[in-house]
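Shown next, in structure tokens, is the structure this report addresses.
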Amino acid sequence: MASVFVHHVIGDLTVGKPEIKEFADTETVEAAVKAIGECAEGAITVWKAKDGIGSRASRFVGILHSMDLVVFLAKAGEEHERAMRTPVAEVVTPNPMLLKEVDPGTRLIDALELMKQGVRRLLVRKSMAWKGVSKRFSILYNGKWLKTLNTSTATATGNSSQPSSSSYDDKYCCLSREDVVRFLIGCLGALAPIPLSSISSLGAITPHYFHIEASSPAIEVVHKLPQDPCAIVVVETNPDGSHKIIGEISAYKLWKCDYLAAAWALANLSAGQFVMGAEDNITNSDSLVPSFSIPSSPVEDTIIGASSRPKKFSSRSIGFFSSQANQMAVGGLRSMYRGRSAPLTCKHTSSLAAVMAQMLSHRATHVWVTDAEVEDILIGIIGYSDILHAVTRHPSSLVPPTP
């Protein structure tokens, strides 16, 4: 096991993390749309109201992301105004197992094990008493990382005379799997040779993925919506049964889009049209069709200093115009997806470090894996869960590369 997993504690990752802002389950869908668009991780944690009973973690309801809202609005149809006023308690899928409260002295390896078992958020108390003593805490907390959280940090460090800061008693931050991977990418040397190994040799590729044909109605995704990652690939099936990737319908792609327009598109367009943000140009009536937008990357908006308002674009802005759209058949989609609507892909020969950097730079939850020899032929998907399993593998268990 790499020493970085034992000599670091989860509190090391909380440096600079803001205090968690709870989103109440009594808030409306309209408020959730704004909150998700402004959040840094593309999803928000939903909480029950404070009742003074039980721990903070006991009030956690679940995680809400853009796909949940778009699907809900698509099902609402013309009653979107009423739908926007609906409490998110009726939309979010309750799953308290997605969050776990841990002490800031929890070893990194133990936190990784929790996340490998399905935990997506770690609720960590913000404290200043243990700062800078990671190795010491790693020893003291070995075997006791889920100890009673009422014990003060000063007592745990054996320094009971050190005054605790009451101002930090009620302050928590929330760590995601992205935070963990971002920390690990700064420790690649300590993880060698795993980061430079291919994702195929690490067994990090999930060959089973959810897909939909480009010619199928986009609304069919509501019947096969995966949770981790929340992504469905849009494909064309070749005669040999292989899948050629066209695009994707995912929470990541819908993060900062116009939710009402996306809901309309999901309910009325084919999957192929949906992934390109295409207007129904066949009707040649822009007044009847909402503009549908899919920003290329949430990071791009941050870098250029754009506002949180969704950018609008149509088929005209990604390379084809009305006359071309009228002639477009499903087979023509193969060369049409690109630019802002292109899915994030890598080769099965890509290194783990390269995929980690790719996901972090795009703030993505996953990357689609394609064949290194045949262009755009899909062989699987890799997400944060796959990465966490890969980095904790023993180097001797690596699969030798295919000659």
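Every value quoted in this text rests on a predicted model; they were computed, and no experiment measured them. Computation of the quantities below employed the complete heavy-atom set of this structure, encompassing side-chain atoms and omitting hydrogens, waters and symmetry-equivalent molecules.
- Taking the side chain as every heavy atom from C-beta outward, T28 and M84 never approach each other to under 4.5 Å.
- For T370 and D376, the side-chain atoms include no donor-acceptor pair closer than 3.5 Å.
- Using modelled atom types, one finds no donor on one side chain facing an acceptor on the other under 3.5 Å when comparing S176 with E178.
- For the side chain to side chain contact (heavy atoms under 4.5 Å, CB included) with V235, the qualifying choice from K244, E248, E213 is E213, the only one to do so.
- Around CD of E30, the count of heavy atoms belonging to other residues, nucleotides or ligands within 6.0 Å does not exceed 12.
- With K100 as the fixed residue, the side chain to side chain contact (heavy atoms under 4.5 Å, CB included) test singles out one of V124, V119, L123: V119.
- If you check the side chains of Y209 and H243, you find a donor sitting under 3.5 Å from an acceptor.
- The closest side-chain donor-acceptor pair between N95 and T93, if any, does not fall under 3.5 angstrom.
- Aromatic ring centres of H8 and F183: separated by under 6.0 Å.
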- Query: Given Y252 and M67, is the side-chain contact (heavy atoms from CB on, under 4.5 Å) satisfied, shown in steps?
  - Reply: CA-CA 8 Å; Y252 156 66; M67 195 68 168; over 6 Å; no
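- Side-chain contact check for N238 and S242: at least one donor-acceptor pair (N or O, by modelled atom type) lies under 3.5 Å.
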- Message: Could you walk me through whether T45 and W47 satisfy the side-chain hydrogen bond (donor to acceptor under 3.5 Å, both in side chains) test, starting with their C-alpha distance in whole Å, then the side-chain angles of each, then the deciding distance to 0.1 Å, before giving a yes or no?
- Response: CA-CA 7 Å; T45 51; W47 306 77; 2.9 Å; yes
- Item | S198 vs H348, side-chain contact (heavy atoms from CB on, under 4.5 Å): CA-CA, chis, key distance, verdict | CA-CA 7 Å; S198 69; H348 75 275; over 6 Å; no
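- Side-chain contact of K116 with T392: a donor-acceptor pair under 3.5 Å is present, judged by distance alone.
- Put simply, the side chain of R121 does not reach to within 4.5 Å of the side chain of L175, judged on heavy atoms.
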